[in-house]
Amino acid sequence: MTDTSSGSTSNSGTDFIREKIKADIASGRLGGRVQTRFPPEPNGYPHIGHAKAICLNFSIAAEFGGVCKLRFDDTNPETEEASFVDVIQEDIRWLGYEPDEVVFASDYFDQLAAWAVDLIEAGLAYVDDQDAEAMSLNRGSFTEPGTNSPWRDRSVEENLDLFARMRAGEFPEGSRTLRAKIDMAHENMQMRDPVLYRIRHAHHYRTGDAWHVYPTYDWAHGQSDAIEGVTHSLCSLEFDTHRQLYDWCLEHLDLPGVKPEQTEFARLNLTHTVTSKRVLRSLVEQGLVDGWDDPRMPTLRGLKRRGYPAEAIRAFCSYIGVARVNGTHEIELLESFVRTHHNKSALRRMAVLNPLELVIDDWPEGQVVELDAINNPEDPSAGTRKVPFTGRLFIERDDFMVDPPKKFFRLSPGREVRLRAGYFVTCTSFDTDESGEVVRVHCSHDPDTRGGQSPDGRKVKATLHWVSAAHAVDTRVALYGRLFTDSHPGADGTDPLESINPDSRKVLTGCKLEPILAETPGGEVVQYERLGYFARDPDDPDLWHRTVGLRDEWANIQKRQAKSKGRPQR
RNA sequence: UGGCCGGUAGUUCAAGUGGUUAGAACGUCGGACUUUGACUCCGGAUGUUGCAGGUUCGAGUCCUGCCCGGCCAGCCA
């Protein structure tokens with residue numbers, strides 16, 4: 001089985017990235033050093049996809065005794081905000097990682113500009129007066145070479161002057177750019193004189209109004225890596241074609257130390273989930289969810305509120321490893337990691353979601369018995385608790401059937417079951433309302449089975465959870481289904497929002513909790529026995545979220561029975 | 001349309017320099033155990049390794065062609 005107790009295990013033990021690092025160490029290229037970085041743009045909430053990159057970068061640094069910094073890639077003042085900087089840092093720490101240092105690409109703006117001047121002086125960069133449209137037109141296509149800009153051969157002096165005036169804010173936005181002079185006929189489009197600087201008279205959340213030009217990703221990223229001493233710059237597959245430019249920039253600058261190298265890996269996709277900032281934002285803005293931390297959101301904050309442990313997320317990320325192929329993991333796999341984790345640590349409690357009254361007719365009037373119940377069979381040190389038992393209880397509606405089908409072995413007329421940690425009870429009769437719905441079940445009990453034991457060795461086929469009616473605490477419980485009905489939302493080119501599941505959340509009211517559950521702190525996850533893992537909302541003590549259900553064999557049987565019923569025999 | 005990267009059970013991943021019956025997990029099915037139809041344990045099933053050729057004693061691995069998918073023509077990252 002998989003080790004979920006640490007974030008550094010993998011199913012394969014190795015992968016192409018770690019292989020490369022080992023080879024680099026062996027060759028001595030790195031001078032014995034390994035350094036990675038997590039470089040988010042502060043323009044949104046981290047989600048499960050980011051978790052993969054975070055885990056990868058931080059765990060690789062840890063495995064190789066290296067360093068991993070958190071670097072905010074804040075080169076676009078139009079979309080970035082300080083608030084996201086805080087959120088991202090908090091979420092990384094929640095996930096379980098501590099950056100060796102928190103740095104900002106904007107800290108390097110001076111150095112980056114100085115290098116741009118070097119490039120100009122070397123005749124490798126020029127100021128282009130073309131607007132975006134003209135530039136696009138002249139870039140050519142996949143099959144046709146581009147056309148040189150009419151401004152491509154300006155003198156070094158003129159370029160220097162123009163760039164200085166761009167920086168000084170003399171020109172309107174979009175009127176000029178600084179471009180690398182590479183090759184407008186290059187087969188790699190990224191190499192057709194890429195833009196290094198664009199004019200933006202925007203307020204930057206950190207540098208304020210000091211700058212009127214901002215570096216592009218391609219100009220900032222590799223050099224930031226180099227400044228920090230990053231050895232392995234891990235990024236997602238779509239930057240593959242940028243690697244050539246990444247290397248070009250570094251090669252043409254006078255850099256100390258080893259040159260960082262970029263390696264690409266597939267980003268994480270999950271079924272029934274979307275990891276696009278754009279789509280996540282519209283979910284929030286259109287009110288389709290309650291916010292970035294809605295328990296249905298794949299954001300780290302959403303998962304946290306839902307009750308996903310950071311440890312399980314780390315184990316999952318480690319397990320899936322890295323690949324060069326874009327794929328989609330089944331969300332069930334993530335859920336299985338969540339179950340595995342909670343199974344070991346979550347306290348067992350009893351809660352009835354859809355209550356049905358059960359009266360024990362031969363129970364002594366008014367008698368209350370305090371029963372001992374095991375807190376966690378997987379962890380004896382978790383001890384026991386007292387649960388009050390009386391003659392009037394609530395059981396789950398699903399646990400009683402008047403006319404049970406085959407393989408249903410819970411309660412039905414004449415049948416005996418165990419009430420967990422309580423007594424064996426036998427159904428003697430039931431009451432219905434005028435519409436025929438069962439409103440109450442009557443039982444007799446066997447006093448010798450106290451604690452759920454069977455002194456005479458007789459067996460029952462089912463053990464039910466229950467809550468004493470007189471002691472029950474009422475609450476609301478939110479049940480969640482998939483946020484998207486499509487396994488691959490938007491994959492066929494449609495708007496992912498078209499496949500949003502209108503029933504992704506069902507809030508049950510009047511749920512009955514055993515009394516001790518009132519003491520569970522907000523944010524904590526317990527197991528409601530036989531039902532699943534549930535997280536108490538950190539802000540609303542009267543709300544519980546179903547993190548994930550238990551594996552449910554009976555549900556599978558029902559599914560199969562329904563299927564075979566709708567199909568001709570044989 | 002050109003280039004780059006890929007294509008291995010239902011799914012996601014493994015299979016040193018070509019070397020026995022291509023493995024694992026999740027899912028699924030069956031059984032054991034059980035004071036959770038959970039957990040745990042045991043077992044079964046599912047593959048023309050995208051297709052077609054070629055090299056070789058031997059190809060998932062190397063070569064060629066084709067097919068399919070992803071990415072690239074932002075002054076986003």
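Numbers restart at 1 for each chain; the letters A, B, ... are given by sequence-line order, proteins then strands.
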Restricting to nitrogen or oxygen on both sides, can you table the protein-nucleotides 43-50 of chain B pairs closer than 3.5 Å?
none

Next item on the list: Give every residue pair that meets the side chain to side chain donor-acceptor pair (under 3.5 Å) criterion with at least one member in residues 131-144 of chain A, sequence neighbours excluded.
Entry: A:Q130-A:N138, A:S141-A:T143
Margin query: Between A:R278 and B:A77, is there a contact of a side-chain N or O with OP1 or OP2 at under 4.0 Å?
Written below: no
Item checked: Pair A:Y217-A:F239, ring pair (Phe, Tyr, Trp, His ring centres under 6.0 Å): steps then yes or no -> CA-CA 11 Å; A:Y217 165 87; A:F239 290 103; 4.8 Å; yes
Margin query: I'd like to check the ring pair (Phe, Tyr, Trp, His ring centres under 6.0 Å) partners of A:Y308; sequence neighbours left out, ordered by chain and number.
Written below: none
Notebook entry, point to check: Paired stems touching RNA chain B, three or more consecutive Watson-Crick or G-U pairs with both distances under 3.5 Å?
Noted result: B:2-7 with B:67-72, B:10-13 with B:23-26, B:28-32 with B:40-44, B:50-54 with B:62-66
Check: Rounded to whole angstroms, how far apart are OH on A:Y197 and P on B:A77?
Finding: 12 Å
Checklist line | Side-chain N,O (A:T463) to OP1/OP2 (B:U34) below 4.0 Å | finding: no
Note to self: Less than 4.0 angstrom between a side-chain N/O of A:R200 and OP1 or OP2 of B:C76, yes or no?
What the structure shows: yes
Next item on the list: For A:H465, enumerate each residue passing the ring pair (Phe, Tyr, Trp, His ring centres under 6.0 Å) test, keeping only those at least two apart in sequence or located in another chain.
Entry: none
Notebook entry, point to check: Given atom NZ of A:K20 and atom C1' of B:G16, what is their separation to the nearest angstrom?
Noted result: 19 Å
Margin query: Is the positively charged end of A:R176 above the ring of A:F171, judged by distance under 6.0 angstrom from the centroid and angle within 45° of the axis?
Written below: yes
Check: Phosphate oxygens OP1/OP2 of B:U36: is one of them under 4.0 Å from a side-chain N or O of A:R349?
Finding: no
Notebook entry, point to check: Partners of A:F265 by ring pair (Phe, Tyr, Trp, His ring centres under 6.0 Å), sequence neighbours excluded?
Noted result: none
Check: Taking OP1 and OP2 of B:C75, is either one under 4.0 Å from a side-chain nitrogen or oxygen of A:R179?
Finding: no
Checklist line | Beyond-backbone contact of A:D225 with A:Y246, side-chain heavy atoms, under 4.5 angstrom | finding: yes
Next item on the list: Give a yes/no answer on whether the side chain of A:R192 brings an N or O atom under 4.0 Å of OP1 or OP2 in B:A73.
Entry: no
Next item on the list: Taking side-chain hydrogen bond (donor to acceptor under 3.5 Å, both in side chains) as the test, write out the residues that go with A:R458, two or more places apart.
Entry: A:E416, A:D446, A:D456
Check: Would one find a side-chain N or O of A:N556 under 4.0 angstrom from OP1 or OP2 of B:U28?
Finding: yes
Checklist line | A:F239 CZ to B:C76 C1', straight-line distance once rounded to whole Å | finding: 9 Å
Check: Could you give the CD-to-C1' distance, from A:E41 to B:C76, as a whole number of Å?
Finding: 7 Å
Note to self: Measure CZ/A:F337 against C1'/B:A24 and give the value in whole Å, please.
What the structure shows: 12 Å
Next item on the list: Report yes or no: do A:R37 and A:S233 form a side-chain donor-acceptor pair below 3.5 Å?
Entry: yes
Next item on the list: State which residues pass side-chain hydrogen bond (donor to acceptor under 3.5 Å, both in side chains) with A:E81; sequence neighbours excluded, sorted by chain then number.
Entry: A:S83
Checklist line | Below 4.0 Å: OP1/OP2 of B:G74 and any side-chain N or O of A:R139 | finding: yes
Notebook entry, point to check: Is there a donor and acceptor pair, one atom on the side chain of A:R551 and one on the base of B:G37, closer than 3.5 Å?
Noted result: no
Next item on the list: Kindly write out the residues that satisfy ring pair (Phe, Tyr, Trp, His ring centres under 6.0 Å) with A:F163, not counting sequence neighbours, or none if the list is empty.
Entry: A:Y197
Item checked: Torsion-based syn/anti label for B:G74, 90° from 0 as limit -> syn
Check: For A:D240, which residues count as a salt bridge (Lys or Arg N to Asp or Glu O under 4.0 Å) partner, sequence neighbours excluded?
Finding: none
Note to self: Please report the distance, rounded to the nearest Å, between CD1 in A:I557 and P in B:G37.
What the structure shows: 11 Å
Note to self: For A:E41 and A:T79, which I'm curious about, is there any donor-acceptor pair between the side chains at under 3.5 Å?
What the structure shows: yes
Checklist line | Distance-only polar pair, side chains of A:Q244 and A:N188, donor-acceptor under 3.5 Å | finding: yes
Would you list the protein and nucleotides 30-32 of chain B atom pairs, both N or O, that sit under 3.5 Å from each other?
unit_1 : atom_1 : unit_2 : atom_2 : d
B:G30  : OP1    : A:R560 : NH1    : 3.4

Between the protein and nucleotides 1-5 of chain B, list every N/O to N/O distance that falls short of 3.5 Å.
unit_1 : atom_1 : unit_2 : atom_2 : d
B:C4   : O2'    : A:D240 : OD1    : 3.3

Check: When the distance from CZ of A:F16 to C1' of B:A14 is rounded to whole Å, what number comes out?
Finding: 14 Å
